[in-house]
Novice: 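My structure is below; once you've seen it, I'll send some questions.
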2 protein chains.
Amino acid sequence: MGEGSTRDRILTAGEALFAEVGFEGATLRRLTTTAEVNLAAVHYHFGNKEGLFRAVLERRLAPINAERLRRLDLLESRSASPSLEEVVEAFVGPMLSVQQDPRAVAFVRRLLGRICTDQGGEWIPHFLAQFSGVKERFAVAFQRALPALSPAEVAWRMHFSLGATAHAIADETRIAALSDGLCDPRDSETLLAELVRFITGGLRAPQREERS
Amino acid sequence: MGEGSTRDRILTAGEALFAEVGFEGATLRRLTTTAEVNLAAVHYHFGNKEGLFRAVLERRLAPINAERLRRLDLLESRSASPSLEEVVEAFVGPMLSVQQDPRAVAFVRRLLGRICTDQGGEWIPHFLAQFSGVKERFAVAFQRALPALSPAEVAWRMHFSLGATAHAIADETRIAALSDGLCDPRDSETLLAELVRFITGGLRAPQREERS
DNA sequence: GTTTGGGTAAAACGATCGTTTCATACGAAC
DNA sequence: GTTCGTATGAAACGATCGTTTTACCCAAAC
């Protein structure tokens, strides 16, 4: 932890610590100790603890959402109607594979899942703001791939897909216990393949029958 | 908050407070203030803060898991091979409808979802212990309803189903933003119907093609 | 009547938190 | 060489945390 500027060391250590113990569980003293940085440096560079957290979030979320849009652009430039599997993979894949940095993976797998489930906190609007552009683009893409569904049903199923993804990505131990060792949570490739298959299946489920 | 014994008032207030701000965010002083209980009473009745949290969890989880098994027993007594929809609803339904107590609903919708995503914490084994009996029973039921899938694939998809459920149940605001107001997160009936449909669709997705 | 023990009340304990203050070191601008 | 804004280090501040201690109330047991 002795490389990079002070600011970068704080960001990196904060990312790891927030991912490990969450926002409230993280301590600036523990953070500055592992980062080999003075305690006051956090407030100098980021204002306060929450400012640091927002900076940590943005550093990783921006590339993920950019990659999502890039892949969707690519799909739509190739075909007027991309397949559902392609759209799902463009949405889910970047969370698992944007960065080769293992620290980024740790962030996504632990912190992002935690954020998605956290109710309180003032950073959720800040988090959704970056996500909003992505949401609309993919809502349109999903609706096109699933013309039989109503917009409300598309929204519900995107919601469920997000949940399955967040849970699967955040998990590092439960799937092993659930499967009695059959499934390896670190096998990102299998995880992505199974997750995409599950989500596409759920999205393609027959629509609600209208009582006529 | 002026009814019931001291112990019950602590449990009820703790349930609400943990659901609102999480374990680390909850303060015993705020808890004892709203419960109109002395600070020391928490340690007298529950040992410490974590003991109180475990007691809060158990009070709500036990009925849910009991109801799950009861419904599964009922299904299997009626038919040798219950339909997938029935099994999914027996698994998901109790989380939304076991108790008519609105405080129990608040607990399930906020705290349980949070627990499912929380990585650290010592109560997860304690939580899984109660869940373990449920897990095996439903794993068998799902495997029977989906004979084409490998055990590993059944485990993966149960895992994803749990994630979609936890996310959907914990959410109270995001689906409204995601759907631009089309979907109402408080409409438990629609939520359950859409969720069951999504999960059954995901579980029924075509299996991984073996490269021969 | 006295004793006993479960339950509650008030107060303080030590620890640790996020934050602030103040002094200092360093490099660029003039 | 002096000045000045940026950055860091050391120390302390006030607040609040979970927990413990001590004393008190009161109904049941003897």
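Per chain, numbering begins at 1; letters A, B, ... match sequence-line order.
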Novice: Does Arg30(B) have any side chain to side chain donor-acceptor pair (under 3.5 Å) partners at least two apart in sequence or in another chain, and if so, which?
Specialist: Glu20(B)
Novice: Rounded off to whole Å, could you give me the CG-to-P distance for the Asn48(B) and dT19(D) pair?
Specialist: 5 Å
Novice: When the distance from CD1 of Ile10(A) to P of dA7(D) is rounded to whole Å, what number comes out?
Specialist: 11 Å
Novice: Using a 4.0 Å cut-off to any heavy atom of chain A, which nucleotides of DNA chain C are the first and last in contact, reading 5' to 3'?
Specialist: dC17(C) to dT21(C)
Novice: Taking only residues two or more places apart in sequence or in another chain, which ones pass side chain to side chain donor-acceptor pair (under 3.5 Å) with Arg70(A)?
Specialist: Glu67(A)
Novice: Which residues pass the side chain to side chain donor-acceptor pair (under 3.5 Å) test with Thr27(B), sequence neighbours left out?
Specialist: none
Novice: I'd like to check the salt bridge (charged side-chain N to carboxylate O under 4.0 Å, His left out) partners of Glu76(A); sequence neighbours left out, ordered by chain and number.
Specialist: Arg137(A)
Novice: Tell me, please, which residues at least two apart from Glu85(B) pass salt bridge (charged side-chain N to carboxylate O under 4.0 Å, His left out).
Specialist: Arg204(B)
Novice: Can you check side chain to side chain contact (heavy atoms under 4.5 Å, CB included) on Leu178(A) and Trp156(B), steps first, answer last?
Specialist: CA-CA 9 Å; Leu178(A) 185 67; Trp156(B) 277 118; over 6 Å; no
Novice: Check salt bridge (charged side-chain N to carboxylate O under 4.0 Å, His left out) between Arg29(A) and all other residues, then give those that pass, not counting sequence neighbours.
Specialist: none
Novice: For Arg144(B), which residues count as a salt bridge (charged side-chain N to carboxylate O under 4.0 Å, His left out) partner, sequence neighbours excluded?
Specialist: none
Novice: Under 3.5 Å, which protein N or O atoms sit close to an N or O of nucleotides 8-10 of chain D? Give each pair with its distance.
Specialist:
unit_1, atom_1, unit_2, atom_2, d
dT8(D), OP1, Thr6(A), OG1, 2.2
dT8(D), OP2, His45(A), NE2, 2.6
dG9(D), OP2, Asn38(A), N, 3.3
dA10(D), N7, Asn38(A), ND2, 3.3

